[in-house]
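The block underneath contains the structure these notes are about, expressed in C-alpha coordinates.
This one's a predicted model, so the numbers in the text were calculated from it and none came from an experiment. The chains referred to below are lettered A, B, ... by the order of the sequence lines, with proteins before strands, and numbering in each begins at 1.
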Amino acid sequence: DQQVKQNSPSLSVQEGRISILNCDYTNSMFDYFLWYKKYPAEGPTFLISISSIKDKNEDGRFTVFLNKSAKHLSLHIVPSQPGDSAVYFCAARHNAGNMLTFGGGTRLMVKP
Amino acid sequence: DVKVTQSSRYLVKRTGEKVFLECVQDMDHENMFWYRQDPGLGLRLIYFSYDVKMKEKGDIPEGYSVSREKKERFSLILESASTNQTSMYLCASSFVRITSGNTIYFGEGSWLTVV
(Lines give C-alpha, C1' and ligand atoms only; values in the text may rest on other atoms or scores of the structure.)
Protein backbone atom coordinates (compact mmCIF):
# COMPACT_ATOMS: atom_id res chain seq x y z
CA ASP A 1 0.00 0.00 0.00
CA GLN A 2 1.42 3.39 -1.00
CA GLN A 3 2.26 5.48 2.04
CA VAL A 4 2.72 8.62 -0.03
CA LYS A 5 0.16 9.36 -2.73
CA GLN A 6 -0.12 11.98 -5.41
CA ASN A 7 -3.60 11.48 -6.74
CA SER A 8 -3.28 13.72 -9.79
CA PRO A 9 -1.03 12.12 -12.41
CA SER A 10 -1.03 15.29 -14.48
CA LEU A 11 -1.85 18.98 -14.27
CA SER A 12 -2.03 21.61 -16.99
CA VAL A 13 -1.76 25.32 -16.13
CA GLN A 14 -1.48 28.53 -18.09
CA GLU A 15 1.73 30.51 -17.81
CA GLY A 16 1.51 33.13 -15.06
CA ARG A 17 -1.19 31.29 -13.11
CA ILE A 18 -0.83 29.29 -9.92
CA SER A 19 0.05 25.58 -9.98
CA ILE A 20 -1.06 23.53 -6.99
CA LEU A 21 0.29 20.03 -6.59
CA ASN A 22 -1.08 17.83 -3.84
CA CYS A 23 0.28 14.97 -1.79
CA ASP A 24 -1.26 12.77 0.91
CA TYR A 25 0.48 10.44 3.32
CA THR A 26 -0.62 7.77 5.74
CA ASN A 27 2.36 7.14 8.03
CA SER A 28 2.37 9.25 11.19
CA MET A 29 6.07 8.50 11.64
CA PHE A 30 7.00 10.76 8.72
CA ASP A 31 8.57 13.90 10.10
CA TYR A 32 10.01 15.72 7.11
CA PHE A 33 8.65 16.25 3.62
CA LEU A 34 10.35 17.20 0.38
CA TRP A 35 9.42 18.08 -3.16
CA TYR A 36 11.58 17.08 -6.10
CA LYS A 37 11.40 18.13 -9.71
CA LYS A 38 12.43 15.77 -12.45
CA TYR A 39 13.04 16.30 -16.14
CA PRO A 40 13.12 13.31 -18.51
CA ALA A 41 16.45 11.47 -18.60
CA GLU A 42 17.72 13.35 -15.54
CA GLY A 43 17.85 12.60 -11.84
CA PRO A 44 15.44 14.35 -9.46
CA THR A 45 16.51 17.74 -8.17
CA PHE A 46 15.51 19.01 -4.76
CA LEU A 47 13.04 21.89 -4.76
CA ILE A 48 11.76 22.67 -1.28
CA SER A 49 11.09 20.93 2.01
CA ILE A 50 9.15 21.31 5.23
CA SER A 51 9.52 19.92 8.71
CA SER A 52 6.49 18.41 10.40
CA ILE A 53 6.68 21.09 13.10
CA LYS A 54 5.89 23.80 10.54
CA ASP A 55 2.86 24.44 8.40
CA LYS A 56 4.42 26.57 5.67
CA ASN A 57 7.74 27.08 3.97
CA GLU A 58 8.41 29.54 1.19
CA ASP A 59 11.27 29.86 -1.29
CA GLY A 60 10.78 32.35 -4.07
CA ARG A 61 7.94 31.21 -6.32
CA PHE A 62 7.58 27.95 -4.41
CA THR A 63 5.59 27.47 -1.21
CA VAL A 64 4.87 24.21 0.54
CA PHE A 65 1.96 23.89 2.96
CA LEU A 66 1.58 21.09 5.46
CA ASN A 67 -1.68 20.11 7.13
CA LYS A 68 -0.54 17.53 9.64
CA SER A 69 -4.00 16.67 10.95
CA ALA A 70 -5.16 15.87 7.42
CA LYS A 71 -1.83 14.26 6.51
CA HIS A 72 -1.76 16.44 3.44
CA LEU A 73 0.77 18.72 1.84
CA SER A 74 0.70 20.88 -1.23
CA LEU A 75 3.19 22.70 -3.40
CA HIS A 76 2.20 26.07 -4.82
CA ILE A 77 4.09 27.58 -7.72
CA VAL A 78 3.31 31.24 -8.40
CA PRO A 79 3.61 32.44 -11.11
CA SER A 80 4.00 29.28 -13.17
CA GLN A 81 6.52 29.36 -16.00
CA PRO A 82 6.96 27.05 -19.00
CA GLY A 83 10.31 25.95 -17.56
CA ASP A 84 8.42 24.52 -14.60
CA SER A 85 7.02 21.80 -16.86
CA ALA A 86 8.35 18.56 -15.33
CA VAL A 87 7.32 15.68 -13.11
CA TYR A 88 7.07 16.63 -9.44
CA PHE A 89 7.56 14.07 -6.70
CA CYS A 90 6.53 14.41 -3.12
CA ALA A 91 8.75 12.52 -0.66
CA ALA A 92 8.55 11.82 3.06
CA ARG A 93 11.24 10.96 5.55
CA HIS A 94 10.62 8.50 8.34
CA ASN A 95 11.73 9.85 11.69
CA ALA A 96 14.54 7.25 11.72
CA GLY A 97 15.92 9.64 9.13
CA ASN A 98 17.73 7.36 6.77
CA MET A 99 15.47 6.99 3.75
CA LEU A 100 12.73 8.62 1.73
CA THR A 101 9.40 7.29 0.50
CA PHE A 102 8.19 8.85 -2.75
CA GLY A 103 4.79 9.47 -4.22
CA GLY A 104 3.81 8.51 -7.76
CA GLY A 105 4.55 11.92 -9.22
CA THR A 106 2.49 14.60 -10.96
CA ARG A 107 3.36 15.75 -14.46
CA LEU A 108 2.97 19.52 -14.64
CA MET A 109 2.57 21.19 -18.00
CA VAL A 110 2.72 24.98 -18.11
CA LYS A 111 1.38 26.36 -21.36
CA PRO A 112 2.78 29.61 -22.76
CA ASP B 1 30.67 19.43 -6.48
CA VAL B 2 28.97 16.28 -5.26
CA LYS B 3 28.64 13.58 -7.80
CA VAL B 4 26.68 10.39 -8.05
CA THR B 5 27.70 8.74 -11.27
CA GLN B 6 25.82 5.93 -12.95
CA SER B 7 28.06 4.19 -15.40
CA SER B 8 25.52 3.42 -18.11
CA ARG B 9 22.84 5.84 -19.22
CA TYR B 10 21.13 3.64 -21.81
CA LEU B 11 21.23 -0.14 -22.04
CA VAL B 12 19.38 -2.68 -24.13
CA LYS B 13 19.58 -6.25 -22.88
CA ARG B 14 17.99 -9.54 -23.85
CA THR B 15 15.63 -11.51 -21.66
CA GLY B 16 17.61 -13.84 -19.42
CA GLU B 17 20.82 -11.83 -19.53
CA LYS B 18 22.65 -10.86 -16.37
CA VAL B 19 22.76 -7.08 -16.03
CA PHE B 20 25.00 -4.94 -13.85
CA LEU B 21 24.20 -1.30 -13.09
CA GLU B 22 27.03 0.53 -11.38
CA CYS B 23 26.89 3.61 -9.20
CA VAL B 24 29.77 5.58 -7.69
CA GLN B 25 29.60 8.50 -5.27
CA ASP B 26 32.40 10.82 -4.23
CA MET B 27 31.05 12.24 -0.96
CA ASP B 28 32.02 9.45 1.43
CA HIS B 29 28.31 8.85 2.08
CA GLU B 30 27.33 5.94 4.28
CA ASN B 31 23.96 5.33 2.61
CA MET B 32 23.39 4.34 -0.97
CA PHE B 33 20.09 3.53 -2.66
CA TRP B 34 18.70 2.02 -5.82
CA TYR B 35 15.28 3.14 -7.02
CA ARG B 36 13.32 2.43 -10.14
CA GLN B 37 10.99 4.94 -11.69
CA ASP B 38 7.87 3.90 -13.55
CA PRO B 39 5.00 6.12 -14.74
CA GLY B 40 2.36 6.55 -12.06
CA LEU B 41 4.34 4.53 -9.55
CA GLY B 42 6.95 7.15 -8.72
CA LEU B 43 10.30 6.14 -7.33
CA ARG B 44 10.21 2.77 -5.65
CA LEU B 45 13.07 1.62 -3.47
CA ILE B 46 14.70 -1.64 -4.57
CA TYR B 47 17.57 -1.93 -2.09
CA PHE B 48 19.61 0.30 0.11
CA SER B 49 22.93 -0.07 1.85
CA TYR B 50 24.01 1.72 5.01
CA ASP B 51 27.58 0.45 5.08
CA VAL B 52 30.05 -1.67 3.15
CA LYS B 53 28.75 -5.20 2.69
CA MET B 54 25.47 -4.24 4.41
CA LYS B 55 22.19 -4.17 2.55
CA GLU B 56 18.50 -3.94 3.25
CA LYS B 57 15.58 -4.83 1.00
CA GLY B 58 13.37 -2.01 -0.12
CA ASP B 59 9.81 -2.22 -1.39
CA ILE B 60 10.48 -4.21 -4.58
CA PRO B 61 13.62 -6.36 -4.20
CA GLU B 62 12.34 -9.37 -6.15
CA GLY B 63 14.47 -10.13 -9.19
CA TYR B 64 17.32 -7.92 -8.00
CA SER B 65 20.43 -8.21 -5.89
CA VAL B 66 23.05 -5.68 -4.85
CA SER B 67 26.70 -5.53 -3.98
CA ARG B 68 28.62 -3.02 -1.93
CA GLU B 69 32.25 -4.05 -1.62
CA LYS B 70 33.57 -0.50 -1.33
CA LYS B 71 31.99 2.50 0.35
CA GLU B 72 31.82 4.56 -2.84
CA ARG B 73 30.34 1.90 -5.10
CA PHE B 74 26.90 0.28 -5.10
CA SER B 75 25.96 -2.17 -7.82
CA LEU B 76 22.51 -3.36 -8.81
CA ILE B 77 22.36 -6.80 -10.38
CA LEU B 78 19.57 -8.32 -12.41
CA GLU B 79 20.41 -12.02 -12.33
CA SER B 80 18.12 -12.87 -15.25
CA ALA B 81 16.60 -9.82 -16.88
CA SER B 82 12.93 -9.87 -17.75
CA THR B 83 10.82 -7.49 -19.82
CA ASN B 84 9.02 -6.19 -16.71
CA GLN B 85 12.34 -4.84 -15.51
CA THR B 86 12.40 -2.36 -18.35
CA SER B 87 12.55 0.91 -16.46
CA MET B 88 14.61 3.89 -15.40
CA TYR B 89 16.93 3.09 -12.52
CA LEU B 90 18.14 5.81 -10.17
CA CYS B 91 20.98 5.60 -7.72
CA ALA B 92 21.24 7.94 -4.74
CA SER B 93 23.54 8.48 -1.80
CA SER B 94 23.29 10.28 1.53
CA PHE B 95 24.85 10.58 4.94
CA VAL B 96 23.46 8.42 7.72
CA ARG B 97 20.64 10.85 8.40
CA ILE B 98 18.85 12.78 5.67
CA THR B 99 18.58 16.21 7.25
CA SER B 100 17.47 18.18 4.23
CA GLY B 101 16.84 17.87 0.52
CA ASN B 102 20.44 18.82 -0.04
CA THR B 103 21.82 15.84 1.86
CA ILE B 104 20.61 13.18 -0.54
CA TYR B 105 22.01 13.17 -4.05
CA PHE B 106 20.73 11.40 -7.14
CA GLY B 107 22.47 10.16 -10.22
CA GLU B 108 21.17 10.96 -13.67
CA GLY B 109 19.53 7.58 -14.12
CA SER B 110 20.03 4.51 -16.27
CA TRP B 111 17.42 3.62 -18.86
CA LEU B 112 17.24 -0.16 -19.20
CA THR B 113 15.25 -1.83 -21.94
CA VAL B 114 14.88 -5.61 -21.82
CA VAL B 115 13.82 -7.17 -25.11
Among residues 38-60 of chain A, residues within the sub-4.5 Å heavy-atom range of chain B, in order of number, are K38(A), A41(A), E42(A), G43(A), P44(A), F46(A)
Any donor-acceptor N/O pair, E79(B) side chain to S65(B) backbone, under 3.5 Å:
no
I'd like to know if L76(B) and F48(B) are part of one continuous hydrophobic network [Ile/Leu/Val/Met/Phe/Trp/Tyr, side-chain heavy atoms within less than 4.5 Å].
no
Sub-3.5 Å donor-acceptor pair from the side chain of S49(B) to the main-chain atoms of M54(B), do we have one?
yes
Given heavy-atom pairs under 4.5 angstrom as the criterion, report whether the side chain, backbone, both or neither of R9(B) touches chain A.
side chain
S75(B) side chain vs E22(B) backbone, donor-acceptor pair below 3.5 Å
no
Applying side chain to side chain contact (heavy atoms under 4.5 Å, CB included) to L78(B) and Y89(B), what does each step give before you reach the verdict?
CA-CA 12 Å; L78(B) 288 68; Y89(B) 291 87; 4.2 Å; yes
Hey, quick one: are Y88(A) and L11(A) part of the same hydrophobic cluster, counting side-chain heavy atoms closer than 4.5 Å, chains of contacts allowed?
yes
Side-chain donor/acceptor of Q25(B) to backbone N/O of K71(B), under 3.5 Å
yes
Taking L21(B) as the starting point, is it possible to reach F74(B) by hopping between hydrophobic residues whose side chains are less than 4.5 Å apart?
yes
Identify which part of Y50(B) has an atom lying under 4.5 Å from any heavy atom of chain A, answering side chain, backbone, both or neither.
neither
Sort by residue number and list every residue of residues 101-112 of chain A having at least one heavy atom under 4.5 Å from chain B.
F102(A), G103(A), G104(A)
Report which part of F95(B) has an atom under 4.5 Å of a heavy atom belonging to chain A: side chain, backbone, both, or neither.
neither
How about residues 68-86 of chain A versus chain B: which residues have heavy atoms under 4.5 Å apart?
none
Looking only at heavy atoms, which two atoms of Q6(A) and C90(A) are closest? And how far apart?
OE1-N, 3.0 Å
Could you walk me through whether F33(B) and S94(B) pass side chain to side chain contact (heavy atoms under 4.5 Å, CB included), step by step?
CA-CA 9 Å; F33(B) 309 86; S94(B) 76; 3.6 Å; yes
Does any heavy atom of chain B fall under 4.5 Å from the side chain of Q2(A), the backbone, both, or neither of them?
side chain
Taking all atoms of both residues into account, what is the closest heavy-atom pair of R68(B) and R73(B), and its distance?
CG-O, 3.2 Å
Toward chain A, the part of L43(B) with a non-hydrogen atom under 4.5 Å:
both
Closest non-hydrogen atom pair, M32(B) against C91(B)
CE-SG, 4.1 Å
For V115(B), is there any backbone N or O sitting under 3.5 Å from a side-chain donor or acceptor partner on T15(B)?
yes
Going hydrophobic residue to hydrophobic residue with side-chain gaps under 4.5 angstrom, can you get from L45(B) over to V87(A)?
yes
If you compare all heavy atoms of R44(B) against all heavy atoms of D38(B), which two are closest, and at what distance to 0.1 Å?
NH2-OD2, 2.9 Å
So what's closer than 4.5 Å to chain A heavy atoms on Q37(B): side chain, backbone, both or neither?
side chain
Sort by residue number and list every residue of residues 16-36 of chain A having at least one heavy atom under 4.5 Å from chain B.
D31(A), Y32(A), L34(A), Y36(A)
What one should report as the nearest heavy-atom pair of D26(B) and K3(B) is OD1-N, 2.9 Å
Please report the shortest heavy-atom distance between E62(B) and Q85(B), naming the atom on each side.
O-NE2, 4.5 Å
If you round to the nearest 0.5 Å, how far is CD of Q6(B) from CG of L90(B)?
6.0 Å
In this structure, would I60(B) and W34(B) fall into the same cluster of hydrophobic residues linked by side-chain contacts under 4.5 Å?
yes
